[in-house]
Number of protein chains: 2
Amino acid sequence: MAKELHHPTREQIDLSAVLDALSDPIRRQIVARLRHTGEEACSCFGEFASKTNLTYHAARLREAGVTRTRIDGPRRMISLRAADLEARFPGLLEAIVAGTEAETGRSAPAQAEPAEA
Amino acid sequence: MAKELHHPTREQIDLSAVLDALSDPIRRQIVARLRHTGEEACSCFGEFASKTNLTYHAARLREAGVTRTRIDGPRRMISLRAADLEARFPGLLEAIVAGTEAETGRSAPAQAEPAEA
DNA sequence: CCATGGGTTCAGGAGTTGTTGAACAATAGG
DNA sequence: CCTATTGTTCAACAACTCCTGAACCCATGG
């Protein structure tokens, strides 16, 4: 398992891949949370999807260049490549995270939409 | 053909749908061009895809709330819903258009990255 | 040694996407 | 009327997406 995981370089990060990766609500939730926590293990996102599925989504984010995955013993620690994304597509990550938090309620887990007009 | 085309209201615009719509390079090129020209007919994008295909992509953009389609005689005039997008997801459209132009070279067809500061 | 917690890999399935060609519809001009 | 321009609808297709269960690997700790 000590295989090196593939990550695109900063220059290789492709806009289509990033938008595709972030068009999925589950992946966007993961990203939004990493924004606050900095780094987390895969297992911390068990609320969003099954273990198998999480591997899939994590790979999707990693291959798009959105996250970096570091191997730490038996765990995979995931973090945001915020600086790389900001350098390549300024303002993009922030706009998407803000939009995600606005839609999901930002801190409330349920949908407590205050019924906007 | 004088059917009314469906457009989501500003509040109905969904982030997943927008990102999904803009994850396609063809649709992003259309959007990037509308950014400069304001309003154009479907046929003006014939360089990007076939007629049939253009109908598909235009519908995708429209249904996501990214563009508005106005019927003008035999033509369909497409324009960006920039204000609606900006109100809903501030900075998003600008970041994506900028990234698109950086990748496509904005005027050069090939990849001649002049390494702007 | 065996078990456990943390992740992966594989095969498969239901659904979606991007694309095409053929046929059609609607508006406008001779 | 006939024709051209502009765009739609439909059926089909290969490829991909998201998700699942079963099996597996790998590091640690009794």
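Reminder, nothing fancy here: chain letters follow the sequence lines and each chain counts from 1.
In this structure, A:Glu101 does not pair ionically with A:Arg28, as no charged nitrogen and carboxylate oxygen lie closer than 4.0 Å. Of the charged side-chain nitrogens involved, at least one lies within less than 4.0 Å of a carboxylate oxygen, so that B:Glu39 and B:Arg70 count as a salt-bridged pair. Using a 4.0 Å cut-off between a side-chain N of Lys or Arg and a carboxylate O of Asp or Glu, A:Asp24 and A:Arg60 do not qualify as a salt bridge.
The distance from atom CZ of B:Arg76 to atom C1' of D:dT8 is 7 Å, rounded to the nearest whole Å. The distance from atom CE of B:Met77 to atom P of C:dT27 is 17 Å, rounded to the nearest whole Å. Atom-to-atom, NZ of A:Lys51 to C1' of D:dC25 comes out at 11 Å; the value is rounded to the nearest Å. The separation between A:Leu54 atom CG and C:dG5 atom C1' is 15 Å, rounded to whole Å. One interatomic measurement links the two molecules: CD of A:Glu40 to P of C:dG7, which rounds to 11 Å at whole-angstrom precision. Between the CD atom of B:Glu63 and the C1' atom of C:dT16 there is a distance of 14 Å, rounded to whole Å. Atom pair A:Ile30:CD1 and C:dG7:C1' shows a separation of 14 Å (rounding to whole Å applied). One atom, CZ of B:Arg75, and another, P of C:dG29, lie 11 Å apart when rounded to the nearest Å.
Checked against side-chain hydrogen bond (donor to acceptor under 3.5 Å, both in side chains), A:Ser50 has no partners two or more places apart in sequence or in another chain.
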Handout entry: Sequence-aligned protein contact record of nucleotides 10-21 of chain D, with B where the base is within under 4.0 Å of a protein heavy atom and S where only the sugar-phosphate is
Key = B------SBSBB
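Counting only distance, with no hydrogens or angles, the side chain of B:Arg76 and the backbone of B:Ala41 share no donor-acceptor pair below 3.5 Å.
Of all nucleotides listed (C:dT27, C:dG6, D:dT9), D:dT9 comes nearest to the side chain of B:Thr55.
Other residues, nucleotides and ligands contribute over 12 non-hydrogen atoms within 6.0 Å of the CZ atom of B:Arg35.
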